[in-house]
Protein chains: 2
Amino acid sequence: MTASRTARERVRAELTREIADIARRQLATEGAGGLSLRAVAREMGMVSSAVYRYFPSRDDLLTTLIIDGYNALGEAVEQADAACPDDDYAGRWLAACHAVRTWALAHPHEYALLYGSPVPGYQAPQDTVAARVRDVAVLGRIVSQAQAAGAVDPPALAPAPPAPLREDAERVRELMPGVPDDVVFRCLAAWTGLYGWVSFELFGQFTNTIEDRHTAFDHAMRVMGGAIGLR
Amino acid sequence: MTASRTARERVRAELTREIADIARRQLATEGAGGLSLRAVAREMGMVSSAVYRYFPSRDDLLTTLIIDGYNALGEAVEQADAACPDDDYAGRWLAACHAVRTWALAHPHEYALLYGSPVPGYQAPQDTVAARVRDVAVLGRIVSQAQAAGAVDPPALAPAPPAPLREDAERVRELMPGVPDDVVFRCLAAWTGLYGWVSFELFGQFTNTIEDRHTAFDHAMRVMGGAIGLR
DNA sequence: AAAAAACGAGAGCACTGCTCTTGACGACTG
DNA sequence: CAGTCGTCAAGAGCAGTGCTCTCGTTTTTT
């Protein structure tokens, strides 16, 4: 009973996964806007309307791709962090940065879907919010542990964050307990620097300028890690 | 003769401009992917094929919008810089940052066109490269002048940039003569941090996290200016 | 005034997302 | 076991897209 019902549900789940896989492949080659439900259906040997049994709309397909992407990226960052010695906080930060860049270079269109401009008619549902904290949570954990170990020694760069920012810092601190406001905002700046760099590299802003991109990225991330104060 | 020829060319130029304006308005409301040549034609009371007399393809229309956007942003940054006292280098950097953010908030879809993920089938031609240096040229000028005035005092953040990066630094230095390699890469990091922050804010990565965005941005840019070493 | 170039309009092609209906097959129940 | 009910693939169809081609008309050039 449950078995037979599961039999059907299982083929359904499999087809759903297959559709998502083909869509991801299409996304990888054509880009976000080139993702066509009809093309997916063609490649599956189905008629277009049949796909709608599995994904009510193109946006729902996009949503699963986005969530999967956040999870894949988050997992890559988590693994890179876990491969480092626990107390090498600067090294862990650097490894996490490289993991983000490596994943982005390997999945450029997927990265664009996550961190590029929003797809035209698409409005990201709340489901995607939960998945996207995984990567930044890693950064938060690194800094939080470094702080606890007394391995954060931020150089003087600017006046302390003004009072109105205390609430915002408090919210961010949920991901990095024990970290003072000043360092929290340094992390935010480094975080945006990381993704800004990767986006610039991926979206072509570095053409004819930065050629040795791996080395330049590595150095830039060391600078940002230093700005946080990681030893 | 020239006058009569100019008569036709003038109406052509005017129509071309009008098409671009309508497209820009559509871009502002619908976003990049929602830009439709047919809709532009409808709004102009033309038939769609007539628009192709003025823009051979949708991509050409996009290209002019992009170039115009780069110029508009560059001009905004230039003006913000010019409004500051020449020797207040940190203030000029901050003003330039705020100009970028303000323009981006006022023209979100246009900003997305410039700095977001590339539009699906669209390949940016070389024409767009020339226009996009205007904003970064301002930053380069600020730092270059600060350096000449001895107003750059970079705090120790990381080891010096490794040797392979000298060529890249040389290329970037064309926009900021006299600035040492170390500072060049700090500028690059700050530059990506600036656009990374604006992109995050615009593309929704700060929702439910950073609320006082103006203050947070201001503080983050002060941190980055401090990381460059601007006094 | 005649030839040439530019123009707007229209029809048409191939494509898209999406809806609705139809017919068939499978699974659960009386 | 037979009947019902839900699920499914298929097809037609709608409205929209970018883009091409042709056909008269107008404007410029010769």
Side-chain angles (χ1 to χ4, degrees), chain A residues 1-20 22-23 26-27 29-66 113 118-123 125, chain B residues 1-20 22-23 26-27 29-66 113 118-123 125:
Chain A
M1 181 173 292
T2 324
S4 57
R5 177 189 227 174
T6 307
R8 193 163 68 175
E9 298 242 324
R10 229 174 58 189
V11 67
R12 180 184 178 84
E14 192 157 329
L15 279 183
T16 306
R17 212 177 52 86
E18 189 175 347
I19 289 176
I22 291 182
Q26 236 181 64
L27 173 70
T29 61
E30 305 290 329
L35 200 156
S36 149
L37 268 186
R38 291 181 114 110
V40 172
R42 256 195 310 273
E43 195 166 333
M44 289 201 56
M46 291 172 113
V47 89
S48 76
S49 59
V51 179
Y52 283 85
R53 298 263 175 207
Y54 300 90
F55 290 95
S57 79
R58 181 172 162 273
D59 283 10
D60 290 82
L61 182 51
L62 264 183
T63 298
T64 66
L65 289 186
I66 288 179
L113 200 58
V119 177
Y122 178 76
Q123 186 67 11
Chain B
M1 184 175 291
T2 322
S4 57
R5 176 189 228 177
T6 306
R8 191 167 69 177
E9 298 245 323
R10 229 173 59 189
V11 67
R12 181 183 176 83
E14 193 157 329
L15 279 183
T16 306
R17 212 176 53 83
E18 188 175 347
I19 290 176
I22 291 182
Q26 240 183 57
L27 173 70
T29 61
E30 304 290 330
L35 200 157
S36 149
L37 268 185
R38 291 181 114 110
V40 172
R42 257 195 309 273
E43 196 165 331
M44 289 201 56
M46 290 171 114
V47 87
S48 76
S49 59
V51 179
Y52 283 83
R53 299 268 177 205
Y54 301 89
F55 291 95
S57 80
R58 182 171 162 274
D59 283 9
D60 290 83
L61 182 51
L62 264 183
T63 298
T64 67
L65 288 186
I66 289 179
L113 200 58
V119 176
Y122 177 76
Q123 186 67 11

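Residue numbers begin at 1 in each chain, while the letters A, B, ... track the order of the sequences. When reading the values below, keep in mind they use all heavy atoms of this one structure, side chains included, and skip hydrogens, waters and symmetry mates.
Between B:Y52 atom OH and C:dG12 atom P there is a gap of 18 Å when expressed in whole angstrom units. For the pair A:L62 CG and C:dC18 C1', the computed distance is 15 Å after rounding to whole Å. If you take CE of B:M46 and P of C:dG10, they are 12 Å apart, rounded to a whole angstrom. The nearest whole Å value for the distance from the CE atom in A:M44 to the P atom in D:dA10 is 10 Å. Here the P atom of nucleotide D:dG18 and the CG atom of B:L61 are 10 Å apart, to the nearest Å. Atoms CG (A:L37) and C1' (C:dC18) sit 9 Å apart, rounded to a whole Å. When the P atom of C:dG8 is taken as reference, atom CD of B:E18 falls 11 Å away, rounded to whole Å.
Residue A:R38 places no side-chain N or O under 4.0 Å from the OP1 or OP2 atom of D:dT17. In this structure, B:R58 does not reach the D:dT17 phosphate: none of its side-chain N or O atoms is under 4.0 Å from OP1 or OP2. The phosphate of C:dG10 has neither OP1 nor OP2 within less than 4.0 Å of any side-chain N or O from B:S49. Using a 4.0 Å cut-off, some side-chain N or O of A:Y54 falls inside it from OP1 or OP2 of D:dA9. Side-chain N/O atoms of A:R12 include one lying less than 4.0 angstrom from OP1 or OP2 on D:dC8.
Here B:L35 lies in heavy-atom contact (under 4.0 Å) with sugar-phosphate atoms only. Residue contacts shown for B:L15 are limited to sugar-phosphate atoms, with no base heavy atom under 4.0 Å away. Note on A:S48: a base of the nucleic acid sits closer than 4.0 angstrom, heavy atoms only.
Pairing each heavy atom of A:S48 with each of A:R38, the nearest pair is CB-CG, 3.8 Å. The shortest heavy-atom contact between B:A23 and B:L61 is CB-CD2, 3.8 Å.
Checking A:R42 against A:P56, the closest nucleotide of DNA chain C that is more toward the 5' end is the one next to A:R42.
Annotation: side chain of B:L37 is in contact with side chain of B:Y52 (closest heavy-atom distance under 4.5 Å). By the 4.5 Å heavy-atom criterion applied to side chains, A:V40 and A:E43 are not counted as neighbours.
Of the candidates C:dT16, C:dC18, D:dT17, C:dC18 carries the atom nearest the A:S57 side chain, counting heavy atoms from C-beta on. Side-chain atoms of B:R53 lie closest to C:dC7 of the nucleotides C:dT16, D:dC19, C:dC7. Counting only heavy atoms from C-beta on, A:A39 has its side chain closest to C:dT16 among C:dG8, C:dT16, D:dT20.
Counting only distance, with no hydrogens or angles, the side chain of B:R53 and the backbone of B:R12 share no donor-acceptor pair below 3.5 Å.
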